[in-house]
2 protein chains.
Amino acid sequence: MLMQTPIRPTAALPVTATVSGRPVALGAIELMGSQMSFAANEEIFGENEPCEYVYKVVSGAVRTYKILADGRRQIGGFYLAGDTFGLEVGTEHHFSAEAINKVVVRVVRRSAIVAQAERDCEAARELWTITARELKSAQERMLLLVKSAPQRLACFLLEMSARLAVANTLELPMSRQDIADYLGLTIETVSRTLTQLVSDATIGLPTSRRIVVRNRSALAELNA
Amino acid sequence: MLMQTPIRPTAALPVTATVSGRPVALGAIELMGSQMSFAANEEIFGENEPCEYVYKVVSGAVRTYKILADGRRQIGGFYLAGDTFGLEVGTEHHFSAEAINKVVVRVVRRSAIVAQAERDCEAARELWTITARELKSAQERMLLLVKSAPQRLACFLLEMSARLAVANTLELPMSRQDIADYLGLTIETVSRTLTQLVSDATIGLPTSRRIVVRNRSALAELNA
DNA sequence: CGACCATTTGATATGGATCAAGCGATGTGG
DNA sequence: CCACATCGCTTGATCCATATCAAATGGTCG
């Protein structure tokens with residue numbers, strides 16, 4: 001149960017600081033820690049494993065998830081460049097985490113962070129802030145999961161668009177199955193709903209992973 | 001039906017330890033603050049209002065909620081004796097809160113708590129812990145909301161049973177509508193599902209608000 | 001080219017929503 | 001004290017959104 005996360009710290013890739021524009025968490029210890037990288041679909045940590053590290057995405061995309069008793073998978077969240085994940089108050093992870101594509105993360109030992117927070121109230125507040133951000137996103141998902149399929153997709157697209165769109169075009173890192181498991185739908189429903197949005201001219205879908213937002217207000221109104 | 005403790009809204013009742021068995025949050029400032037009481041269905045605070053106080057339930061039950069764009073209400077959580085609610089990292093509430101029945105709370109000014117946390121890392125950790133507990137429960141609800149109606153009810157009953165059952169019997173403070181809005185179901189589905197559990201002899205329902213858990217493992221297995 | 005996998009599309013089934021009515025407890029006014 | 005209104009809950013009938021089952025399409029890589 002203890003020990004080896006299947007983590008191999010690769011020799012320092014010269015990752016060009018892919019720092020996103022958002023308020024950077026873990027500021028106080030921002031410069032500490034080393035980098036690790038993971039191949040697509042590689043496990044980063046498992047549910048119930050001891051929480052050894054806290055992770056910050058440098059590049060790539062990560063999903064956290066749980067496998068439900070009936071075998072379905074529920075995705076807890078997607079983490080993109082600049083996002084922090086894997087932080088727990090307790091000493092065990094509540095979700096598993098996997099790389100969606102090639103991922104580089106910076107890691108800091110949990111023990112170091114917690115020790116720091118015991119001395120430095122500023123650092124302690126950062127931990128609180130990170131957890132509160134997670135809470136907000138979990139609460140938003142709660143609201144998502146009681147909406148209709150088109151509404152869920154619209155929310156998802158707006159969320160992703162805000163994170164990684166350039167000129168209304170975005171390249172999704174995750175598969176239809178990932179999206180379905182995130183939104184609590186089936187892959188077929190996700191696909192059909194996207195097709196519908198295309199025929200409404202709300203979005204374009206030049207390739208299955210590339211989305212063009214053609215009518216943002218139509219997406220927003222779906223939730224109105 | 002006289003179930004609630006008869007608590008008067010009088011000024012300063014010298015409330016002695018409102019101790020629940022759980023690790024007491026806000027320990028450092030546990031003794032500060034004054035009491036407030038609310039009548040059934042009275043608003044405690046509204047969404048987007050400035051977060052002036054943090055609340056701890058002394059007696060009664062509280063619901064937090066949002067009204068969705070289509071008019072439906074989603075309940076964020078139920079808070080019973082000993083639970084803390086209304087704490088935000090930012091300065092605005094994300095949900096509204098109402099008393100379900102007659103409620104007494106102890107309140108502490110948010111500014112006092114935050115100021116304390118800036119000096120005292122121990123207090124800062126408490127804030128983190130409270131928010132992390134909220135996060136865990138929001139994540140559990142995420143998982144709930146993708147399950148079948150009987151599974152959601154089973155989860156709900158086990159959760160409530162753990163909180164307020166005495167000898168396998170519990171008195172629900174909340175209405176069917178509250179339960180429905182908590183579980184993302186309709187009132188009819190909640191009612192039918194409970195009826196089904198009764199005919200399975202999984203629970204007894206001597207009155208509409210009183211639940212007797214007859215076969216706990218059957219409830220647990222529903223989620224298996 | 002051919003195998004494989006992700007995605008889309010089609011046909012059908014079903015769980016829970018919706019619409020509608022009935023029931024039991026509680027309270028109110030005549 | 002009883003007729004009646006009200007409210008919360010239950011039950012019944014029907015509908016519909018999404019799941020499920022099944023097959024076709026298309027992109028990728030050996």
Side-chain angles (χ1 to χ4, degrees), chain A residues 39-41 61 63 68 70-74 100-102 144-157 171-200 203-211 222-223, chain B residues 1-4 40-41 61 63 68 70-74 100-101 144-157 171-200 203-211 222-223:
Chain A
N41 298 308
R63 61 183 169 245
L68 305 184
D70 61 4
R72 280 180 309 157
R73 178 185 68 162
Q74 175 65 30
I100 290 177
N101 45 22
K102 184 103 187 77
L144 232 200
L145 291 176
V146 301
K147 295 184 181 174
S148 71
Q151 289 177 321
R152 294 187 212 187
L153 255 299
C155 274
F156 171 75
L157 291 175
E171 199 72 36
L172 294 176
M174 69 288 286
S175 69
R176 293 289 186 271
Q177 188 64 60
D178 288 335
I179 299 171
D181 292 347
Y182 182 69
L183 299 178
L185 299 169
T186 59
I187 185 176
E188 293 95 331
T189 298
V190 170
S191 183
R192 276 187 246 273
T193 305
L194 287 175
T195 301
Q196 184 56 47
L197 290 173
V198 170
S199 42
D200 297 345
I203 63 170
L205 207 54
T207 76
S208 70
R209 296 289 183 102
R210 179 170 299 143
I211 308 270
L222 265 175
N223 296 315
Chain B
M1 183 182 295
L2 40 131
M3 33 159 302
Q4 309 106 318
N41 298 309
R63 60 180 170 247
L68 305 184
D70 60 6
R72 280 180 308 156
R73 178 184 67 162
Q74 175 65 28
I100 290 177
N101 45 23
L144 232 200
L145 291 176
V146 301
K147 294 183 181 175
S148 71
Q151 288 177 321
R152 294 186 213 188
L153 256 298
C155 274
F156 170 75
L157 291 175
E171 200 71 36
L172 294 176
M174 69 288 287
S175 70
R176 293 289 185 271
Q177 189 64 61
D178 287 336
I179 299 171
D181 292 347
Y182 183 68
L183 299 179
L185 299 169
T186 60
I187 184 177
E188 292 96 331
T189 298
V190 170
S191 183
R192 276 186 247 272
T193 304
L194 286 175
T195 301
Q196 185 56 48
L197 290 173
V198 169
S199 42
D200 297 345
I203 63 171
L205 206 55
T207 77
S208 70
R209 297 287 184 103
R210 180 170 298 141
I211 307 272
L222 265 175
N223 295 316

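Note on naming: letters A, B, ... go to the chains in the order of the sequence lines (proteins, then strands), and numbering restarts at 1 for each one.
One atom, CG of D181(B), and another, P of dG16(C), lie 17 Å apart when rounded to the nearest Å. If you measure from atom CZ of R152(A) to atom P of dA17(D), you get 14 Å, rounded to the nearest angstrom. If you measure from atom NZ of K147(A) to atom C1' of dT18(D), you get 18 Å, rounded to the nearest angstrom. The CD1 atom of I179(B) sits 14 Å away from the P atom of dG8(D) (whole-angstrom rounding). Going from atom CG of L172(B) over to atom C1' of dC9(D) covers 13 Å, rounded to whole Å. Per the geometry, CG belonging to L153(A) stands 14 Å off C1' belonging to dA17(D), to the nearest Å. Atoms CZ (R72(A)) and P (dA19(D)) sit 9 Å apart, rounded to a whole Å.
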Can you check salt bridge (charged side-chain N to carboxylate O under 4.0 Å, His left out) on R72(B) and D181(B), steps first, answer last? CA-CA 8 Å; R72(B) 280 180 308 156; D181(B) 292 347; over 6 Å; no
Could you go step by step and tell me if E171(B) and R209(B) meet the salt bridge (charged side-chain N to carboxylate O under 4.0 Å, His left out) rule? CA-CA 6 Å; E171(B) 200 71 36; R209(B) 297 287 184 103; over 6 Å; no
Can you give one letter per nucleotide of nucleotides 4-11 of chain C, 5' to 3': B if a protein heavy atom sits under 4.0 Å from the base, S if only from the sugar-phosphate, - if neither? ---SBBBB
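Between the side chains of R152(B) and N223(B), no donor-acceptor pair of N or O atoms lies under 3.5 Å.
In this structure, the side chain of Q151(A) engages the main chain of L222(A) through a donor-acceptor pair within 3.5 Å. A donor-acceptor distance shorter than 3.5 angstrom exists from the side chain of N101(B) to the backbone of A61(B), with no hydrogens or angles considered.
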Side-chain donor-acceptor pairs under 3.5 Å in residues 183-192 of chain A, sequence neighbours left out?
{"residue": "T186(A)", "atom": "OG1", "partner": "T189(A)", "partner atom": "N", "Å": "3.3"}
{"residue": "T186(A)", "atom": "OG1", "partner": "T189(A)", "partner atom": "OG1", "Å": "3.1"}

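Here S148(B) lies in heavy-atom contact (under 4.0 Å) with sugar-phosphate atoms only.
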